[in-house]
Each structure stands twice: as structure tokens, then as C-alpha cells.
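Here is the naming used below: chain letters follow the sequence lines, and residue numbers restart at 1 for every chain.
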Amino acid sequence: MSCTHITIPIPKAFSFRAVVHSHGWSDLEPFAVSDDDTELRTVVSLSPNRHAQVAVSHPRGSTALTVRCNTPLRRNDRETARRIVRSMLRMDEPMDELHALCRKEERLQWIPQMRAGRMLRSATVFEDIVKMICTTNCSWSLTKIIVNRLTNTLGTRVTDTVHSFPSPDAIADRTERWLRKETSSGYRAPYLLELSRRIASGNLSVEHLRTTKMPADEMHKFLRSIKGIGHYAADNLMKLLGHYDYLGLDSWIRSRYAEIYNHGRPVSDSAIEKRYRRYGKWRGLVCWLDMTSEWHQ
DNA sequence: GCGTCCAGGTCTACC
DNA sequence: GGTAGACCTGGACGC
């Protein structure tokens, strides 16, 4: 099959592997990681009806990422694919300030050493919001089931085995009953439906959130106004939008924190917040990295 | 194989 | 502003 190769120069303090394993997103379709852990695959939308599978890797010793597309791309398409990959891998976000902060503490020194801090996000804000709703109040295995069923039943077929993430229109066209039955999304189905229908009808816009200058508290309030997005989901979506001053505590973080800092005994949210307050606007990201340090080392 | 219980975050109603 | 109860599913467990 003919395909297109694109290269993207990597910024300083960037680790491809650290972004891919920054959180669970690479485990949710259409994301996939190759068996040898060197390639991240997903599907990007070049225009409303045209999709391409991209496979991103960082060849050893190279100063650029390689992006392999499963289809020949025109010049404009190559630029679109490059822009989306840069955005997903957070390649335009400087980490200097965070890394300087972390160098001051022995426990956090691995962060600049591993060039960690960038959190993988989906090709679109819509995809991130849907996936975040699918992480609420359920096990990770159920999250995977819901997202994978949404993708494989409502996404566009890109290869024999790969589908794009569904568009808002594709979800909006279904009924709540269908979503409950076919995706196991349960009571989350009306939330997914309302979000998709509002976007499909033009009554709600979310894609601008990655580039807007909207103040963080206003953006958080905006996210909270979406049905199905509570404190946990809004806090964590903020991280994917480049704002790190919200902790996004969930049962896993509370338990992990208790394990690391309190011999497994429960700790109040306010005590967790107090510990990370000193990291200012980076506190949410420092908290997440501190809790997941074992994933990287 | 079947029934029961549990974990998980958000919404709504109520105080 | 805080709290209780309902929502729904997969998985663990006991029988």
C-alpha cells in the first residue's frame, strides 16, 4: 500500500515515550501502541469525510518524529496531519518552568530527567470529553469497553481493523436506548447524546478550547456546565487543555497518595491539596506525575 | 451457571 | 454549601 511519511522536529525536553505513557489514553481506541512499544497509532480527520491512520515513532538518535500515514497525502493534508500530531503530543508546550521547579526537589527530579510532563490528548477536544465522561464512575476495563464499542460501531472504517473516533453527528444520530445497549455506557448515554447533539446542531462549541485565551476558572466553569462533567472530569480535562491548577482527585489518586505518603491510611482531600499547593499553577500536573512516577522509572 | 455484592463519579432533591 | 440516594456496569466472589 502506498503511504506518506512526514517528519516533525522534536522540541527540547521532549520524550515521545513519556507522552505516550503519560496516562491511559493510549489504551483507548483509536489509539494503539505497537507490541514493541515504539509506535503510537491513531486516526486523524483530514476533512469531515476523510480520515487517515497515522503511526508515530521516534527513531533512535533522530532529532525528529516520523509520522507514517496509511494513504498518500496532498501537501495540505500533510500540514493538517502534522498539526494534529503536534497538538496530541503537546509538542508546542514549553516544560522549562515545570522542570526547573522539579529540579529543586529530590523526589521530583526524575521528571526533568525523564523529560516528562506532557500529557497525551486525542485528535479533538470532543474525543477527549467523550472519553473523560466514559472514565467516570466505572472501572478502567468498562471505560475501554465503552470507548472501543463507540469507535467500532459509530466510527468511520479506515482499514480492515481500524475505525476513526465517531463524530458528534454519528453519535447524535443514535438513540439513548441504542447507546445504552450497544456501548454499555449505561446512564452515561444521555450525557453523551446531549453533548453530541448540542455540538452537531451548532449550539455548543468545544474545539476552540485548546487555543482560546479564556481564563482557567471560566473554562472550568464552562466544562462543568456540560451534563456528565463533574469536578473530577473537569479538572482532568483542564490538564488536557493546558491548565494544571486543578488536582482532579479520584479514588485511584486518593488510594495511591495514601499508599505513598500515609502507610495506606486514608487522607483527606484538603490534606492532598495542601501538599501540592506550593507548586502553584503546576500543582495538578505535579500531583499526577508524583502519583504515576513508577510508570516512568 | 447463577445470584449477590462492590466500586466508581455525577446528578437531583432536599435541608 | 453540604449530604443522601439513585444511576449502571463489569468483575469478584460464594454457592
*Give a yes-or-no answer on whether the side chains of T4(A) and R78(A) include a donor-acceptor pair shorter than 3.5 Å.*
no

*Could E218(A) and K221(A) be called an ion pair, given the rule that one side-chain N must be under 4.0 Å from one carboxylate O?*
no

*Can you tell me the distance, in whole Å, between the NZ atom of K131(A) and the C1' atom of dG9(B)?*
20 Å

*In whole Å, what is the span from the CD1 atom of I133(A) to the P atom of dT10(B)?*
10 Å

*Classify the angle between the aromatic ring planes of W140(A) and W25(A) as parallel (below 30°), tilted (30 to 60°) or perpendicular (above 60°).*
parallel

*Test log, rule side chain to side chain contact (heavy atoms under 4.5 Å, CB included), inputs N70(A) and C3(A)*: CA-CA 5 Å; N70(A) 71 327; C3(A) 58; 5.6 Å; no

_Length of the line joining M132(A):CE and dG8(B):C1', which is rounded to integer Å_ = 15 Å

_Sugar-phosphate or base contact per nucleotide [nucleotides 6-13 of chain C; S, B, -; heavy atom under 4.0 Å]_ = -BSSSS--

*Side-chain H-bond candidate by donor/acceptor type, S87(A) with R121(A), under 3.5 Å*: yes

*Hey, is the main chain of Y246(A) close enough, under 3.5 Å, to the side chain of D235(A) for a donor-acceptor pair?*
no

*Integer-rounded Å distance: dG9(B) P and Y232(A) OH*: 7 Å

*Check the distance between dG8(B)'s C1' and H231(A)'s NE2 and give it to me in whole angstrom.*
17 Å

*Within less than 4.0 Å of OP1 or OP2 of dC11(B), is there a side-chain N or O belonging to R224(A)?*
yes

*Which part of the nucleic acid does I229(A) contact within heavy-atom distance under 4.0 Å: base, sugar-phosphate only, or nothing?*
sugar-phosphate

*Which part of the nucleic acid does A233(A) contact within heavy-atom distance under 4.0 Å: base, sugar-phosphate only, or nothing?*
sugar-phosphate

